[in-house]
Amino acid sequence: MIHPTAIVSKKVKIGKNVYIGPFSFIQDNVVIEDNCKIFGFCNLYGCKIGKNTKIGPFVEIQKNVVIGEKCKIQSHSFICEGVKIGNGVFVGHGVIFINDKIPKAVDEKGRMITTEWKLLETIVEDFASIGSGAVILPVKIGRHALIGAGAVVTKSVPKHAIVYGVPAEIKGAICPCGNIIKEIKKEVKCDKCGRIIGVEDESYRG
Ligand SMILES: CC(C)(COP(=O)(O)OP(=O)(O)OC[C@H]1O[C@@H](n2cnc3c(N)ncnc32)[C@H](O)[C@@H]1OP(=O)(O)O)[C@@H](O)C(=O)NCCC(=O)NCCS
Ligand SMILES: [Zn+2]
């Protein structure tokens, strides 16, 4: 169901059983797969949203962003061009991604800068979670990693790592079962489910 106040351009491809909430603006060649819920006041252009994903209100998603299946993108987040998000990823409220490390409005001659800037990429791998208010510079976030609320992530995050702080540092590990392990070792055993979790070192940085 598309709310009558939503504006959806003709080029948009919408799957089965999709909900688009009030005052959302969905333009260009957006693809929204089956069973997605896009809440109100969202601004989406030129992006692809995988099956069963939920996008909360007041979210902006820019062109060429790809979001996988079964993700939860909470309200007020900004996902810019250059970001690729895997399956089963949680993005908390008010998360800001960054794709331009040296932003400028005008060049030396006072001309507005339009295309002359370097787009940097961010990859969020499957099942990672990003806490509310985190700022994500162009990095790779590994599978199952957990980013704490308010973190400023300046370096790539190994799979299963918990990072937080400004700048974010590795503080522990998280098991797919949800158990937090406070040790920082290359391999740790989950005391809840017995899995061995490998938190890789900085050689992971890409
Ligand atoms: C990062 C996080 C997973 C840490 O959980 P935890 O390992 O159980 O941490 P604890 O609560 O035991 O805290 C350990 C220490 O880290 C600090 N800390 C915890 N979270 C922090 C954060 N996000 N930023 C900075 N410091 C943090 C605590 O103050 C505590 O410090 P102390 O040892 O000096 O007292 C959790 O706090 C968090 O931020 N989760 C994200 C939640 C979120 O944003 N959800 C979104 C949907 S509502
Ligand atoms: Zn476990």
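As the structure lists them, so they are numbered: ligands from 1, and atoms in each ligand from 1. Just so it is clear, the values below take in all heavy atoms, side chains as well, and ignore hydrogens, waters and symmetry mates. FYI, the numbering just counts along the sequence from 1.
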Practice item. Decide whether a cation-pi geometry holds between Lys72 and Phe90; the criteria are a distance under 6.0 Å from NZ or CZ to the six-membered ring centre and an angle within 45° of the ring axis. Key: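 No, Lys72 does not sit over the ring of Phe90.
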Practice item. Supply the atom-to-atom distance Ile184 CD1 to Ile170 CD1, rounded to the nearest 0.5 angstrom. Key: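 That separation rounds to 7.0 Å.
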Review point. Just how far is it from atom SG of Cys190 to atom CZ of Arg195, taken to the nearest 0.5 Å?
Key: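 If I round to the nearest 0.5 Å, the distance is 7.5 Å.
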Point to revise | Pairwise side-chain hydrogen bond (donor to acceptor under 3.5 Å, both in side chains) hits with a residue in residues 43-58, at least two apart | key: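 The answer is Glu33-Lys48, Asn35-Asn52, Asn43-Glu60, Tyr45-Glu60, Tyr45-Gln62.
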Without swapping roles, check the side chain of [X] against the backbone of [Y] for a donor-acceptor pair under 3.5 Å.
X	Y	value
Thr154	Ala168	no
Asn99	Leu119	no
Ser9	Gln27	no

Check your understanding: Mind checking what makes side-chain hydrogen bond (donor to acceptor under 3.5 Å, both in side chains) contact with Glu81, not counting sequence neighbours?
Key ->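 Listed in chain order: Asn64.
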Exercise for review: Applying ring-ring contact (aromatic ring centres under 6.0 Å, His included), run through His144 and His160 and close with a yes or a no.
Suggested key: CA-CA 5 Å; His144 291 287; His160 297 293; 5.2 Å; yes
Practice item. Sort out the contact shell of ligand 1: every protein residue with a heavy-atom distance below 4.0 Å, listed by chain and number. Key: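 Lining ligand 1 at under 4.0 Å, by heavy atoms, one finds Phe90, Gly131, Ser132, Leu146, Gly148, Ala149, Tyr164, Ile180, Lys182.
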**Study point:** Residue and atom, protein N/O/S, under 2.8 Å of the Zn ion (ligand 2)
**Key:**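 For the Zn ion (ligand 2), the protein N, O and S atoms that sit under 2.8 Å away are Cys175 SG, Cys177 SG, Cys190 SG, Cys193 SG.
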